[in-house]
Amino acid sequence: MSVTAISKVVTANDLRSGEVLYLRFPHSWTPELAKASVIKDNDLAIASLAFAQGQPNTVVGAYLSDVIDARDGPRASHFRERFRAAGPSNYRHGKQEL
């Protein structure tokens, strides 16, 4: 039986604004999921998550999220992550304006 590798990204919330952020190599953050660095190696995923969790003055709640590889960048594979990527649901501005 073969095992399919799952692609992941590191996601967190900006400490000051609360905006959803995604890790982009080398060691920067982007609010756009399509620009996030996709991780396919388990050791790199663990190291990237440790880096994110080691930035308590920048981001909070960092974790690994499954994504689907697409031609135009990664896409969220779960409803919760698609919802987070769209921005706050209590008003329409910013990401939801698009």
Side-chain angles (χ1 to χ4, degrees):
M1 180 166 128
S2 66
V3 176
T4 304
I6 306 251
S7 299
K8 301 202 177 276
V9 295
V10 176
T11 184
N13 290 87
D14 184 280
L15 178 65
R16 294 183 193 340
S17 70
E19 183 172 14
V20 175
L21 297 175
Y22 302 94
L23 188 62
R24 182 178 170 128
F25 298 143
H27 306 305
S28 64
W29 294 96
T30 178
E32 300 175 52
L33 176 57
K35 293 183 178 178
S37 294
V38 177
I39 305 166
K40 296 183 181 188
D41 177 80
N42 191 52
D43 291 336
L44 181 57
I46 292 168
S48 298
L49 180 60
F51 166 79
Q53 291 173 335
Q55 294 192 313
N57 294 327
T58 305
V59 296
V60 294
Y63 63 94
L64 294 169
S65 175
D66 294 344
V67 293
I68 300 167
D69 285 332
R71 191 179 307 168
D72 56 345
R75 292 182 312 163
S77 65
H78 190 273
F79 169 76
R80 177 181 189 266
E81 296 307 318
R82 287 191 301 271
F83 191 78
R84 285 184 74 235
S89 61
N90 59 341
Y91 50 87
R92 297 193 71 75
H93 81 299
K95 292 179 186 179
Q96 290 186 358
E97 234 4 81
L98 303 175

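In this chain, residues are counted from 1 in sequence order. Scope of the values below: all heavy atoms of this structure, side chains included, with no hydrogens, waters or symmetry mates.
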Criterion side chain to side chain contact (heavy atoms under 4.5 Å, CB included) on Ile39 and Val9, from CA distance to verdict: CA-CA 6 Å; Ile39 305 166; Val9 295; 6.0 Å; no

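For the residue pair Lys8 and Leu64, the shortest heavy atom distance occurs at CD-CB, 3.9 Å. In plain terms, the two heavy atoms of Thr30 and Ala36 that are nearest each other are CG2-N, 4.1 Å. When all heavy atoms are compared, the tightest approach of Ser7 to Val38 is CB-CG1, 3.6 Å. Closest approach of Ala12 and Ala62 over heavy atoms only: CB-CA, 3.7 Å. The two atoms that bring Thr11 and Ser65 nearest to each other are CG2-CB, 4.1 Å, heavy atoms only.
Here the side chain of Ser37 pairs a donor or acceptor atom with the backbone of Phe25 at under 3.5 angstrom.
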Under 3.5 Å, which donor-acceptor pairs link side chains of residues 42-59 to any protein atom two or more places apart or in another chain?
{"from": "Ser48", "atom 1": "OG", "to": "Leu44", "atom 2": "O", "distance (Å)": "2.8"}
{"from": "Gln55", "atom 1": "OE1", "to": "Trp29", "atom 2": "NE1", "distance (Å)": "2.7"}

